[in-house]
Amino acid sequence: MAEEKDLLFLVALVAFGVILASGLAAFLQWMVVIPITLVAILFTGLLLKQNNDKVVHFSENLEKWAFIAALLFFIVAFIVLYKPA
């Protein structure tokens with residue numbers, strides 16, 4: 001990813017836009033939006049440092065664990081939603 005500096009910069013700008021948009025929405029619904037803002041701040045920092053090999057490795061591991069967490073969340077959500085009453 002170190003060769004794609006222009007793409008990384010644009011993606012970081014999008015992540016910064018998420019921070020701004022969620023920060024504006026946080027004034028009205030802070031309990032829902034504050035986790036999105038915190039994750040966007042983390043992702044913006046990771047995106048800006050993608051030319052470092054350690055950060056790339058950490059991002060790949062974070063992606064793997066996020067996928068596993070999302071998969072488990074969906075499994076639990078379907079079990080709770082469709083359990084017999």
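Summarising the geometry of Leu48 relative to Ala12, their closest heavy-atom pair is CD2-CB, 3.5 Å, with the distance given to 0.1 Å. Taking every heavy atom of both residues into account, Ala15 and Ala40 meet most closely at O-CB, 4.2 Å. Nearest heavy-atom pair, Gln50 versus Val55, reported as atom, atom and distance to 0.1 Å: NE2-CG1, 3.9 Å.
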(Q) Run the side-chain contact (heavy atoms from CB on, under 4.5 Å) test on Leu72 and Phe67 for me, step by step, so that the C-alpha distance in whole Å, both residues' side-chain angles and the decisive distance to 0.1 Å come before the verdict. (A) CA-CA 9 Å; Leu72 290 175; Phe67 175 76; over 6 Å; no
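Proximity of Val56 to Glu60: side-chain heavy atoms (C-beta onward) are separated by under 4.5 Å at one or more points. A heavy-atom distance below 4.5 Å is not found between the side chains of Phe16 and Ile41.
A distance of 11.0 Å separates CH2 of Trp65 from CG of Leu62, quoted to the nearest 0.5 Å.
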